[in-house]
Every structure is written in structure tokens, then in C-alpha cells.
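Basis for what follows: all heavy atoms, side chains included, without hydrogens, waters or symmetry-related copies. Just so you know, residue 1 is the first one in the sequence shown, and it goes up from there.
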Amino acid sequence: MTIVDLSDISVQVFVAVMFFLLIITPLLSLGVLRLFQGRKKSGFSLIGGGVIGYFVFQLVIKLIN
């Protein structure tokens, strides 16, 4: 078993990952849930918001590094 050293992670990367985990992932999962409920417009809107958030996340990570 190995221990992961988190001391090399900067605050900016930590905040970006928290943004990803707390905003983008719930948008995608709620979008899929809405699609299963038959609410296509709401589902695709949430999934689209998650995809846009993902691209913003990628842009922020490139700007940080």
C-alpha cells in the first residue's frame, strides 16, 4: 500500500478540482436522471451545462500550469 503525497498540489489546482467535483459532476448526473424521467429539454440542458463546465475546467487547468 502506498501513501499519496498531496503536499505538491497547489491551491489553484485544488480549487479547480473541487469545482469539477462539486459543480460539473452533479450537472451531468442530474441531466441523465432527467432524461430517464422523460424530461428531455431539462436533461439536455443540464448535460450541456456540464459539458461547458468541463471545457471551462480544462481551460483553467491549462492557464494554471
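Taken from CD1 in Ile23 to CG in Leu27, the straight-line distance is 7.5 Å, to the nearest 0.5 Å. In this structure, OG on Ser45 lies 12.5 Å from CG on Leu30, to the nearest 0.5 angstrom.
Annotation: side chain of Leu28 is not in contact with side chain of Leu46 (no heavy-atom distance under 4.5 Å).
Heavy-atom neighbours of Tyr54 OH from other residues, nucleotides or ligands within 6.0 Å: at or below the threshold of 12.
Between Ile9 and Phe14, the closest heavy-atom pair is CG2-N, 4.1 Å.
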